[in-house]
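A short write-up of the structure that comes next.
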Protein chains: 2
Amino acid sequence: MADLKAGVNQLFLREEELRTGMELLFYAYREFTSEPDEILGEIGFGRAHHRVIYFVGRYPKITVSELLAILKITKQSLSRVLGELVRQGFIDQQTGARDRRQRLLQLTDKGVELERQLSETQRQRIARAYRMAGAEAVEGFRKVMMGMLDDGDRAKFTPPAPARLATKR
Amino acid sequence: MADLKAGVNQLFLREEELRTGMELLFYAYREFTSEPDEILGEIGFGRAHHRVIYFVGRYPKITVSELLAILKITKQSLSRVLGELVRQGFIDQQTGARDRRQRLLQLTDKGVELERQLSETQRQRIARAYRMAGAEAVEGFRKVMMGMLDDGDRAKFTPPAPARLATKR
DNA sequence: CCAACCGCGTCAACATGGCTGACCTAAAAG
DNA sequence: CTTTTAGGTCAGCCATGTTGACGCGGTTGG
């Protein structure tokens, strides 16, 4: 009897635990994107622009195909937003030296400034959460989040440099 | 000299740490939604349908306005997907007893089955991540995620309405 | 009791950001 | 020299968000 009850309760907690995880992800992601979205809206951009700006800032001289591999969208989708960002002077493209088909992307000063502005609230939000939770919790957070990724994504965090640097250049 | 270097390095680590958090969120959310999205695509639904099904399953007899408050979308947006789900027999509506203007929403058997199917891969993903990371890490994960929410969302986890004790998590 | 408010639905129009498919150029690689 | 690759472009479709306007019926307070 006690065994049965304990079993049921454990199942309940487990179900509840998993649901909590799902919801935390939903709510956190939504809040996480809401503030940049507002700024973006004012200048006629959307979340897709932010992602491009972010990753170009993260990996200067990234190529279009590397960016596509990170974002996992089609080149037509990327092209729309990337084109606007280039035309409006947030990103510049330089022809690759080794392979002149490549367009190496990097933020202009204007792009750096926008990136900083957009990501500032997100950095603050994360910094606040890290501070409130403590170093040990942050380590746990990272472990769990890593566990949710597919191998391909996980690899981006483990090596000293992103995969692109390790492969042929 | 050593002091300066340490200071710089610490700043770098902090920046790196925050970026890691941002990216974990981005990648994890994308992977988290990708599998249900595939199933949904096959039956002509999208992610929005999943969210509605999920929260109606989570809170049976939820009203339309409560659902709107959770999803934070306009009633026109909700109406589109909710209408389809009702028409196709995944959700049924019953007039509120206390307030007959309300439509209390709940999953039909068909709806429960779809919810289970859609969320199964997500549950597995989270369960796997929790298992790999360990109980302590899960606790840290939850702390950090909670810290990223706004007060309104956070409140949903601390004192939810029914059937939830003051279990320390 | 009735006017005002509220819960919900609906029509119309628009924006964003995904998608497929077709087709192009120029550079690299065999 | 032919094929493959990196990148771009046009055209159209779809899902899902938005605003604004309006209607219906139920609730509620003066």
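The shown structure was predicted, so the numbers you read here are calculated from the model rather than taken from an experiment. Residue numbers begin at 1 in each chain, while the letters A, B, ... track the order of the sequences.
Using a 4.0 Å cut-off between charged side-chain N and carboxylate O, A/Asp150 and B/Arg125 make a salt bridge. A salt bridge between B/Arg14 and B/Glu17 is absent, with no side-chain N of the basic residue lying under 4.0 Å from a carboxylate O of the acidic one.
With hydrogens and angles ignored, a donor-acceptor pair closer than 3.5 Å exists between the side chain of B/Lys75 and the base of C/dG9.
The interatomic distance linking B/Leu85 (CG) with C/dC8 (P) rounds to 17 Å, in whole Å.
Within the 4.0 Å cut-off from OP1 or OP2 of D/dG7, at least one side-chain nitrogen or oxygen of A/Ser65 is found. For B/Thr74 and D/dT18, the shortest distance from a side-chain N or O to OP1 or OP2 is below 4.0 Å.
Looking only at atom types and distance, the side chain of B/Gln124 has a donor-acceptor partner in the side chain of B/Glu120 under 3.5 Å away. Of the N and O atoms on the side chains of B/Gln106 and B/Gln93, not one donor lies less than 3.5 Å from an acceptor on the other residue.
Residue A/Gln76 holds its CD atom at 9.5 Å from CG of A/Leu68, rounded to the nearest 0.5 Å.
Projected onto DNA chain C by closest heavy-atom contact, B/Gln76 and A/Ser77 fall at different nucleotides, the more 5' of which corresponds to B/Gln76. In this structure, B/Thr63 and B/Arg80 both approach DNA chain C, and ranking their closest nucleotides by distance from the 5' end singles out B/Thr63.
A salt bridge (Lys or Arg N to Asp or Glu O under 4.0 Å) with A/Glu15 is found for one member of B/Arg123, B/Arg58, B/Arg116 and no other, namely B/Arg123.
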Next on the checklist: As a quick check of understanding, evaluate salt bridge (charged side-chain N to carboxylate O under 4.0 Å, His left out) for B/Lys110 and B/Glu113, giving each step before the final call.
Outcome noted: CA-CA 5 Å; B/Lys110 193 177 165 190; B/Glu113 170 53 23; over 6 Å; no

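Among residues at least two apart or in separate chains, salt bridge (charged side-chain N to carboxylate O under 4.0 Å, His left out) pairs with a member in residues 88-101 of chain B are B/Asp99-B/Arg101.
Within residues 88-102 of chain B, the residues approaching DNA chain D are B/Arg98, B/Asp99, B/Arg100, B/Arg101, by heavy-atom distance under 4.0 Å. Near DNA chain D, defined here as any heavy-atom distance below 4.0 Å, there are no residues from residues 30-57 of chain A.
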